[in-house]
Amino acid sequence: MPDYSYEKSAKEKGLKSVCGVDEAGRGPLAGPVCAAAVILPDDAVIEGLDDSKKLSEKKREALYDKIINTAVSYGIAFSDVEEIEEVNILGATYIAMCRAVEKLKVKPDYVLVDGNRYPPMLEIEGETVVKGDSKSMSIAAASILAKVTRDRLLLEYAKQYPEYGFEKHKGYGTKAHIEAIKKFGVTKIHRQSFLKKLI
């Protein structure tokens with residue numbers, strides 16, 4: 001379960017405001033990548049908060065509201081399909097993460113980023129935390145906001161493109177999704193570079 005060890009370690013060095021950053025949607029064949037940045041109050045208790053991948057959709061939705069109501073500040077941002085195609089998915093993930101941090105109303109002194117790569121254009125001191133969404137409360141909170149926000153967007157896409165089943169697979173490369181692409185073709189929200197082997 002995540003805790004505040006990383007946040008406390010940073011604050012013991014004199015850093016006052018620590019934010020967690022995570023993304024959702026690096027792997028799908030369609031839709032943007034979404035990132036969130038969250039600053040939580042010291043030792044805030046958010047019951048049930050964990051890595052978004054370990055939680056049900058219903059649980060994530062409930063936690064989304066708790067996080068927003070508890071956070072000192074939060075930011076959520078996207079990098080769209082055009083950017084993913086232009087700068088690749090890693091570059092687009094960095095862009096989304098930086099945008100999410102820029103949206104914070106409180107500027108952080110330190111950033112905890114999920115994974116093993118720190119966005120090179122993020123000009124704030126910080127560190128990467130591998131599997132951070134199961135270790136850091138701030139990153140876990142960011143993972144929930146990013147996942148829920150992106151899933152909600154894909155539900156909107158499902159209304160625009162009902163043949164593809166986005167409400168079920170959220171753009172990931174399931175068998176049903178791949179069969180739909182082969183039958184109905186590629187939409188403007190599909191990542192062409194991710195489909196080269198399929199088409």
Side-chain angles (χ1 to χ4, degrees), residues 1-26 31-55 57 59-80 83 91-154 156:
M1 290 291 286
D3 59 29
Y4 286 101
S5 303
Y6 286 90
E7 290 84 349
K8 282 179 177 171
S9 176
K11 286 179 181 179
E12 281 166 7
K13 298 173 189 169
L15 298 155
K16 293 176 184 174
S17 181
V18 180
C19 92
V21 176
D22 200 3
E23 52 70 33
R26 274 180 71 168
V33 62
C34 182
V38 181
I39 300 171
L40 292 173
D42 289 350
D43 298 320
V45 177
I46 302 176
E47 211 64 52
L49 183 58
D50 203 345
D51 171 3
S52 65
K53 294 183 285 296
K54 297 177 184 174
L55 303 170
E57 190 168 347
K59 185 72 177 167
R60 287 195 299 266
E61 284 283 350
L63 282 165
Y64 181 95
D65 292 332
K66 286 183 186 175
I67 293 161
I68 281 176
N69 292 329
T70 304
V72 172
S73 186
Y74 69 92
I76 304 169
F78 290 102
S79 181
D80 62 24
E83 286 176 324
T93 301
Y94 290 155
I95 289 168
M97 286 179 166
C98 290
R99 283 176 181 158
V101 172
E102 284 166 10
K103 285 190 172 185
L104 292 166
K105 289 181 177 150
V106 177
K107 190 177 177 187
D109 303 308
Y110 199 76
V111 182
L112 300 170
V113 177
D114 182 57
N116 61 1
R117 296 186 180 188
Y118 197 83
M121 63 280 258
L122 190 56
E123 295 176 352
I124 303 170
E125 189 183 349
E127 67 182 293
T128 57
V129 184
V130 175
K131 295 185 178 173
D133 41 12
S134 58
K135 295 175 183 174
S136 154
M137 288 290 276
S138 302
I139 295 176
S143 82
I144 301 279
L145 297 193
K147 174 71 175 154
V148 170
T149 301
R150 189 179 185 282
D151 282 359
R152 288 176 179 176
L153 178 64
L154 269 290
E156 292 303 310

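Residue indices begin at 1 and follow the sequence shown.
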Q: Assess, by modelled atom type and distance only, whether the side chains of E127 and Y110 contain a donor and an acceptor separated by less than 3.5 Å.
A: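 Yes, Y110 and E127 have a side-chain donor paired with an acceptor closer than 3.5 Å.
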Q: Quick check: closest heavy atoms across A37 and C19, and the distance to 0.1 Å?
A: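 For A37 versus C19, the nearest heavy atoms are CB-SG, 4.3 Å.
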Q: Establish, yes or no, whether the cationic atom of R152 lies under 6.0 Å from the six-membered ring centre of Y64 and within 45° of the ring axis.
A: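 Yes, a cation-pi geometry holds between R152 and Y64.
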Q: When you look at E7 and S138, which way does the side-chain hydrogen bond (donor to acceptor under 3.5 Å, both in side chains) test go after all the steps?
A: CA-CA 8 Å; E7 290 84 349; S138 302; 2.7 Å; yes
Q: Write down the atom of S73, the atom of V106, and the distance for their closest heavy-atom approach.
A: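 That would be OG-N, 3.6 Å.
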Q: If we only count heavy atoms from C-beta on, is the D22 to L145 side-chain gap below 4.5 Å?
A: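 Sidechains of L145 and D22: no contact.
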Q: Has the side chain of K131 got a donor or acceptor atom that lies under 3.5 Å from a matching backbone atom of G115?
A: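 No, the answer is negative, given that no donor and acceptor are paired below the 3.5 Å cut-off.
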Q: To the nearest 0.5 Å, how far apart are CG in D3 and CE in M137?
A: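 Separation between the atoms: 8.0 Å.
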Q: Please report the closest heavy-atom contact between T149 and F78, naming both atoms and the distance.
A: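 Shortest heavy-atom separation between T149 and F78 comes out as CG2-CZ, 3.7 Å.
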Q: Side chains of C34 and L153: closer than 4.5 Å at any heavy-atom pair?
A: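 No, too far: nothing below the 4.5 Å cut-off.
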Q: Would you call E83-R99 a salt bridge at under 4.0 Å N-O?
A: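 Result for this pair is yes, salt bridge flagged.
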Q: Report yes if the side chains of P41 and T70 come closer than 4.5 Å at any heavy-atom pair, otherwise no.
A: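 SC-SC contact between P41 and T70 confirmed.
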Q: Less than 4.0 Å between a side-chain N and a carboxylate O, is that true for D43 and K8?
A: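 D43 and K8: salt-bridged.
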Q: Before you tell me yes or no, could you show the steps for I139 and V113 under side-chain contact (heavy atoms from CB on, under 4.5 Å), namely the whole-Å CA-CA distance, both residues' side-chain angles and the distance that decides it to 0.1 Å?
A: CA-CA 7 Å; I139 295 176; V113 177; over 6 Å; no
Q: Evaluate the side-chain proximity of L122 to M97: yes if any heavy-atom separation is below 4.5 Å, no if none is.
A: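 Side chain of M97 against side chain of L122, heavy atoms only: no contact under 4.5 Å found.
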Q: Mind checking whether Y4 and D42 have side chains closer than 4.5 Å, heavy atoms only?
A: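 When only atoms from C-beta onward are counted, D42 and Y4 do not touch, as no gap falls below 4.5 Å.
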Q: So do the side chains of S134 and K54 get within less than 4.5 Å of each other, counting heavy atoms only?
A: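 They are in side-chain contact.
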Q: Go through the steps for I67 and L49 under the test side-chain contact (heavy atoms from CB on, under 4.5 Å), then give the verdict.
A: CA-CA 9 Å; I67 293 161; L49 183 58; 3.9 Å; yes
Q: What's the verdict on side-chain contact (heavy atoms from CB on, under 4.5 Å) for M1 and D50, showing C-alpha distance, side-chain angles and the deciding distance?
A: CA-CA 6 Å; M1 290 291 286; D50 203 345; 3.3 Å; yes
Q: Are any non-hydrogen side-chain atoms of I95 and C98 less than 4.5 angstrom apart?
A: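 SC-SC contact between I95 and C98 ruled out.
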Q: If every non-hydrogen atom of P32 is compared with every non-hydrogen atom of S79, which pair is closest and at what distance?
A: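 Result for this residue pair: CB-O, 3.2 Å.
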Q: For the residue pair S52 and S143, what are the closest heavy atoms and their distance?
A: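 Smallest interatomic distance, heavy atoms only, reads N-OG, 3.3 Å.
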Q: From D133 CG over to K147 NZ, what is the distance, rounded to the nearest 0.5 angstrom?
A: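 Answer for the CG-NZ pair, D133 versus K147, is 12.0 Å.
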Q: Would you please test L15 and E125 for side-chain contact (heavy atoms from CB on, under 4.5 Å) and show each step?
A: CA-CA 10 Å; L15 298 155; E125 189 183 349; 4.0 Å; yes
Q: Could you state the interatomic distance from OH (Y74) to NZ (K105), rounded to the nearest 0.5 Å?
A: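 Spacing of OH (Y74) from NZ (K105) equals 7.5 Å.
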Q: Is R60 salt-bridged to D151, cutoff N-O under 4.0 Å?
A: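 Result for this pair is yes, salt bridge flagged.
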Q: List the atom of Y94, the atom of P119, and the distance in Å for their closest heavy-atom pair.
A: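 Taking every non-hydrogen atom into account, CD2-CA, 3.5 Å.
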Q: Does any non-hydrogen side-chain atom of E47 lie less than 4.5 Å from one of V45?
A: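 In short, these two side chains touch, coming nearer than 4.5 Å.
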Q: Working to the nearest 0.5 angstrom, can you tell me the gap between E102 CD and I124 CD1?
A: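 These two atoms lie 8.5 Å from each other.
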Q: With a 4.0 Å cut-off, would you call E61 and K66 a salt bridge?
A: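 The answer is no: the pair does not qualify as a salt bridge.
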Q: So, applying side-chain contact (heavy atoms from CB on, under 4.5 Å) with V18, which one of V38, I39, L112 is it?
A: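 By the side-chain contact (heavy atoms from CB on, under 4.5 Å) criterion, V18 pairs with just one of V38, I39, L112: L112.
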